[in-house]
Amino acid sequence: GRRVASIGWWVTWPVEKVNGVMVAQTNTTLPRSKNNSPGQTVKGTLLADYPAQVWPTDLNPELIRTVKAVEATMPDRVVNIFGQDFDSTKGKQWSRLWQQSEWSMRADAIYHQVALDLLGKAEEPYDLFMVYFGGTDVLGHRFFRWYKPSAYSHPPSDKEVEAFGDILPKYYEELDRMVGDLVNASPKDANIIIVSDHGMYAWQTFAPFKGDDMDNGRFLSGHHKEGSPACLVAAGPNIDEATIPEPSKKNAPHMGAVYDITPTILHLMGLPKGKDMPGQVNPQIVAPAFMDAHPVSEVPSHTPSGWIPNTVSVEDENDEEERREQLRTLGYIE
């Protein structure tokens, strides 16, 4: 019975018929009819005229207009973010890394605009409004080497660092701006939670960099396989005041696990957590007054036995191997 918006989250294609709005990550390779390059992937993006990307379906024409409008502005956006266009004359290796990253920035820009449009046109507030941005992850995998050159036994040259060292911090500044836009467009009494599913660290630090080695993942220089700490920011009327040291301090107390986020959000919405959830309601996040007034409750599960998502039907559903190929190009599986 709650009104929700889910924009750009993983594994949401084809969309479900939710009470509210769902905009999917397509999570598939481009349709073969589009004359695409073999193996090209579109993780975290939207395609004009592709089925089952938005619910309710009558929002599809508006979605297509947004996709095309954002696409037209991308060259200017890149210049605004980084101060200049990407210098493709630096070499084929770096141009390839950039080409593998452009779609993620395009996707973030589209999801950002879709979210702003929904918040601006909402006749009534959403009970839960979720937006996913993936550009920092994609750029982190590919450009960490030039952000932290001293971490690598075969460091990049000073000229390379000058050319690419600001890509990650500049994009984090852009993400901060986008988040600020969404916070400003949200109801003033909203509880805002910003969370990453992981951090990132210098990877393959002893191996020589090979930007053209697409088969063995040598082109990746950042990763999160060791589960480096995630980021959590929360604020709002029912959020507790922070009592932990600044994140930059060593040995800062642990704030729990990403598993705690869903039970905590359910609790803030006045809903019970599922006993089958691995996480707990996090008292370090929720204000004590709210916890006192709303004791934690549980149900066995929020997923009925035999439940199947009520998704929008798709005639041209893509097979599992395409999803696997996407994960290979991202370096998650071999």
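Keep in mind that what you see is a predicted model, and the values were worked out from it rather than measured.
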Shared ILVMFWY cluster between Leu271 and Val299, side chains joined below 4.5 angstrom? no

Are Asn310 and Trp55 packed together at the side-chain level, in the sense that at least one heavy-atom pair is separated by less than 4.5 angstrom? no

Here the pair of heavy atoms bringing Gly134 nearest to Asp108 is N-OD1, 3.0 Å

Applying salt bridge (charged side-chain N to carboxylate O under 4.0 Å, His left out), run through Glu71 and Lys68 and close with a yes or a no. CA-CA 5 Å; Glu71 285 177 337; Lys68 292 182 176 179; over 6 Å; no

If you round to the nearest 0.5 Å, how far is OG of Ser101 from CD1 of Ile167? 7.5 Å

Separation between CG of Asp260 and NE2 of His267, rounded to the nearest 0.5 Å: 13.0 Å

Can you name the closest pair of heavy atoms from Ala202 and Ala151 and give their distance? CB-CB, 3.7 Å

Can any side-chain N or O of Asn19 pair as donor or acceptor with the backbone N or O of Arg2 at less than 3.5 Å? yes

Salt bridge present between Glu62 and Lys121 (N-O < 4.0 angstrom): yes

Can you find a heavy atom in the side chain of Cys231 that is under 4.5 Å from one in the side chain of Ile194? no

Check whether any side-chain heavy atom of Ile193 sits under 4.5 Å from a side-chain heavy atom of Ile265, and report yes or no. yes

So, the side chain of Asn191 versus the backbone of Asn238: is there a donor-acceptor pair under 3.5 Å, distance only? yes

For the pair His112 and Asp181, evaluate side chain to side chain contact (heavy atoms under 4.5 Å, CB included) and give the outcome as yes or no after the intermediate values. CA-CA 9 Å; His112 174 244; Asp181 288 345; 3.1 Å; yes

Nearest 0.5 Å please: distance from the NZ atom of Lys273 over to the OG1 atom of Thr262. 10.5 Å

For the NE2 atom of His223 and the CZ atom of Phe144, what is their distance to the nearest 0.5 Å? 12.5 Å

If hydrophobic clusters are built from ILVMFWY residues whose side chains come within less than 4.5 Å, do Val79 and Leu175 share one? no

Between Thr205 and Tyr152, is there a donor-acceptor pair closer than 3.5 Å when you use the side chain of the first and the backbone of the second? no

Look up atom CG in Leu97 and atom CZ in Phe143, then write down how far apart they are to the nearest 0.5 Å. 5.0 Å

N/O donor-acceptor pair under 3.5 Å between Glu298 side chain and Lys275 backbone: no

Checking Met200 against His141 for the side chain to side chain contact (heavy atoms under 4.5 Å, CB included) test, could you report, in this order, the C-alpha distance in whole Å, the side-chain angles of both residues, the deciding distance, and whether it holds? CA-CA 8 Å; Met200 192 162 284; His141 279 299; 3.9 Å; yes

Distance (rounded to the nearest 0.5 Å) between Leu168 CG and Lys148 NZ: 10.5 Å

CG of Asp158: more than 12 outside heavy atoms within 6.0 angstrom? no

Check: Val21 and Leu59 side chains under 4.5 Å, non-hydrogen atoms: yes

I'd like to know whether CD of Glu16 has more than 12 heavy-atom contacts from other residues, nucleotides or ligands below 6.0 angstrom. yes

Would a 4.5 Å heavy-atom cut-off, applied to side chains only, mark Met22 and Ile7 as touching? no

Using side-chain heavy atoms (C-beta onward) and a distance below 4.5 Å, is Leu63 in contact with Val23? yes

Check: His224 and Asp197 side chains under 4.5 Å, non-hydrogen atoms: no

What heavy-atom pair brings Leu118 and Tyr126 nearest, and what distance separates the two atoms? CD2-OH, 4.0 Å

When every non-hydrogen atom of Leu182 is compared with those of Ala115, the smallest separation belongs to CD2-CB, 3.6 Å

Inspect the surroundings of OH in Tyr147 and state if more than 12 heavy atoms from other residues, nucleotides or ligands are less than 6.0 Å away. no

Hey, quick one: are Tyr259 and Met269 part of the same hydrophobic cluster, counting side-chain heavy atoms closer than 4.5 Å, chains of contacts allowed? no

Please walk me through it: do Asn282 and Thr264 pass side chain to side chain donor-acceptor pair (under 3.5 Å)? CA-CA 6 Å; Asn282 192 329; Thr264 301; 5.5 Å; no

Using modelled atom types only, decide if a donor and an acceptor are shared between the side chain of Trp103 and the backbone of Gln100 within a distance under 3.5 Å. yes

Using atom types as modelled and distance alone, determine if a side-chain donor or acceptor of Ser301 lies under 3.5 Å from a backbone N or O of Gly274. no

Go through it in stages, so that I can follow the logic: the residues are Phe209 and Trp146, the test is side chain to side chain contact (heavy atoms under 4.5 Å, CB included), and I'd like the CA-CA distance, side-chain angles, deciding distance and then a yes or no. CA-CA 11 Å; Phe209 172 72; Trp146 296 278; 3.6 Å; yes

Heavy-atom closest pair (Ser221 atom, Arg142 atom, distance to 0.1 Å) is OG-O, 3.8 Å

Would Tyr171 and Phe82 count as a side chain to side chain contact (heavy atoms under 4.5 Å, CB included) if you check the C-alpha gap in whole Å, the side-chain angles of each, and the deciding distance to 0.1 Å? CA-CA 8 Å; Tyr171 196 72; Phe82 301 105; 4.1 Å; yes

same_hphob_cluster(Phe164, Tyr172) at 4.5 Å side-chain heavy-atom cutoff: yes

Met277-Val258 co-clustered via ILVMFWY side chain contacts under 4.5 Å: no

Do side-chain atoms of Thr66 reach the backbone of Val114 as a donor and acceptor pair under 3.5 angstrom? no

Looking at Lys159 and Glu162, is there a salt bridge between them, counting it only when a charged N and a carboxylate O are closer than 4.0 Å? no

Can you check whether Glu124's main-chain N or O pairs, donor with acceptor, with Arg3's side chain at less than 3.5 Å? yes

Do His294 side-chain atoms and Phe290 backbone N/O form a donor-acceptor pair below 3.5 Å? yes

Here the pair of heavy atoms bringing Met291 nearest to Pro283 is CE-CB, 4.4 Å

Keeping Asn184 on the side-chain end and Gly180 on the backbone end, is there a donor-acceptor pair under 3.5 Å? yes

Within-4.5 Å side-chain heavy-atom neighbours: Glu174 and Asn80: no

